[in-house]
Amino acid sequence: MSYQNIVILTGAGISQESGLGTFRDNGGLWAEYAIEDVATPEAFAANPRLVYDFYNMRRAELLKDEISFNSAHQALADFESHFAGQFKLVTQNVDNLHEAAGSKSLIHMHGELQKARCLFCGHISMWEDDLDEKSICPSCQDTRGMRPHIVWFGEMPLQMDDIYSLLADCDLFVSIGTSGNVYPAAGFVQIANDAGAHTVELNLEPSQGATLFKEKIYGKASEIVPAFLKGLGR
Ligand code: BV8
């Protein structure tokens with residue numbers, strides 16, 4: 001079977017072998033931090049310092065030399081560069097490892113660790129240093145409100161209209177390294193099924209939505225993703 005319209009969804013599991021922690025595995029981020037304390041607008045309003053520190057810690061982690069893309073990221077970038085049809089990589093991840101591996105056609109639906117957004121003018125800028133209450137917006141020069149360009153719980157993920165239309169038109173939907181706990185991303189497989197697409201789960205273990213996938217392959221992303229994409233051919 002050759003496919004013409006492919007949508008890929010990735011989650012924290014694809015970056016796990018690069019050394020970045022996941023959220024819900026043992027020892028994951030949500031084992032150390034409560035979502036409501038660090039990943040909601042209410043948390044940022046109540047205790048901006050804690051939220052700034054949480055994302056400064058993760059941004060610094062991402063920038064460490066030993067953190068780099070792995071063979072799963074690489075395989076996706078290589079496949080995209082040779083694929084003649086429509087290809088879109090939608091990631092829940094806020095790291096930059098897909099770009100580092102060469103992925104181009106990419107949507108960061110939950111935002112990006114290395115970007116900051118001005119609460120006043122909305123300008124989004126690249127940001128690799130620590131962010132805090134005194135950070136100055138490079139566009140409007142306001143000093144009262146730079147926030148991480150991250151979609152928190154209760155906020156609308158980015159480019160949802162684009163994602164929904166891509167899912168409605170796809171003939172292959174592949175979910176990689178996500179537990180299927182977070183919506184609306186966890187609902188994408190059902191939209192793809194309704195569109196008549198073939199749906200595949202590549203993960204370390206069955207996700208919350210495993211039964212919704214027509215095909216399931218379990219193992220480490222660095223192994224099963226290159227093998228699966230090789231099987232798709234060019
Ligand atoms: C919203 C940024 C309104 C923060 C994140 C129904 C419909 C709509 C919303 C909801 C709904 N029900 C509940 C909600 C509310 C909420 C939600 O889903 N809550 C959950 C907890 C129940 N959703 C929201 O608030 C969203 N916004 O709803 O807006 C709306 C309404 C309708 C339609 C549109 C909009 C906003 C959600 C975004 C929150 N922000 N991230 C940050 O990063 O700090 S979510 C966060 O979870 C990360 O982005 C993460 O990527 C994401 C999902 O987690 P996973 O990536 O899956 O990571 P996890 O650790 O869970 O799993 C890792 C998997 O990898 C595991 O399965 C593991 O086995 C596997 N793995 C590990 N190692 C490997 C591996 N696989 C392969 N190889 C390996 N080596």
Side-chain angles (χ1 to χ4, degrees), residues 8-44 50-59 61-62 69-73 75-76 89-98 107-117 131 147-164 167 174-191 200-210 213 216-228:
I8 309 278
L9 173 71
T10 60
I14 199 168
S15 298
Q16 186 270 331
E17 290 164 88
S18 294
L20 293 180
T22 62
F23 291 87
R24 294 169 187 83
D25 291 324
N26 294 339
L29 276 167
W30 299 146
E32 279 182 73
Y33 295 87
I35 287 176
E36 55 275 9
D37 292 344
V38 291
T40 66
E42 294 76 15
F44 184 62
L50 180 62
V51 176
Y52 281 128
D53 288 348
F54 178 62
Y55 289 98
N56 289 344
M57 172 272 289
R58 288 174 63 195
R59 192 179 305 105
E61 174 81 15
L62 178 59
F69 59 86
N70 62 56
S71 53
H73 298 104
L76 284 167
L89 172 51
V90 179
T91 187
Q92 298 173 92
N93 298 340
V94 294
D95 65 52
N96 67 339
L97 299 183
H98 283 305
I107 294 177
H108 275 279
M109 66 178 288
H110 290 162
E112 298 172 68
L113 260 186
Q114 291 180 290
K115 288 184 180 172
R117 185 165 81 228
L131 199 56
R147 62 165 276 180
H149 180 50
I150 295 285
V151 176
W152 286 323
F153 288 91
E155 294 186 318
M156 181 69 80
L158 307 173
Q159 298 185 247
M160 287 307 299
D161 292 344
D162 297 339
I163 295 170
Y164 285 138
L167 291 167
V174 186
S175 176
I176 303 172
T178 180
S179 63
N181 272 289
V182 174
Y183 288 83
F188 292 171
V189 56
Q190 194 50 59
I191 300 171
V200 187
E201 170 167 88
L202 305 181
N203 206 49
L204 197 60
E205 62 199 2
S207 71
Q208 293 285 326
F213 289 89
K216 307 154 225 254
I217 303 170
Y218 297 118
K220 295 190 337 184
S222 63
E223 294 162 9
I224 62 176
V225 173
F228 176 77

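Indexing begins at 1, ligand by ligand and atom by atom, following the structure's order. Because the structure is predicted, anything quoted here is derived from the model rather than measured.
Below 3.5 Å of separation, one finds an N or O of Val151 facing an N or O of ligand 1. Taking only nitrogen or oxygen atoms, main chain and side chain alike, Ile150 does not reach within less than 3.5 Å of ligand 1. For ligand 1, the polar-atom distance check finds no N/O of Met160 at less than 3.5 Å from any of the ligand's N/O atoms. For ligand 1, the polar-atom distance check finds no N/O of Tyr164 at less than 3.5 Å from any of the ligand's N/O atoms. The shortest N or O to N or O distance between Trp152 and ligand 1 is not under 3.5 Å. The N/O atoms of Pro157, backbone and side chain alike, include none that comes under 3.5 Å of an N/O atom in ligand 1.
Using a 30° and 60° split on the angle between ring planes, Phe188 and Tyr164 fall in the perpendicular class, above 60°.
Looking at heavy atoms from C-beta onward, Ile107 lies out of side-chain contact with Leu158 at the 4.5 angstrom threshold.
In terms of protein heavy-atom proximity, atom 68 (C) of ligand 1 is closest to Asp25 OD1, 3.5 Å. From the protein, the heavy atom lying nearest to atom 7 (C) of ligand 1 is Tyr183 CB, 3.5 Å.
Side-chain polar atoms of Asn70 and Glu17 form no donor-acceptor pair below 3.5 angstrom.
Of the heavy atoms in Val182, both backbone and side-chain atoms come closer than 4.0 Å to ligand 1.
Remark: atom 32 (C) of ligand 1 lies closer than 4.0 Å to no protein heavy atom. Within a 4.0 Å radius of atom 13 (C) of ligand 1, the protein has no heavy atom.
The salt bridge (charged side-chain N to carboxylate O under 4.0 Å, His left out) contacts involving residues 147-161 comprise Arg147-Glu155, where partners must be two or more places apart or lie in separate chains.
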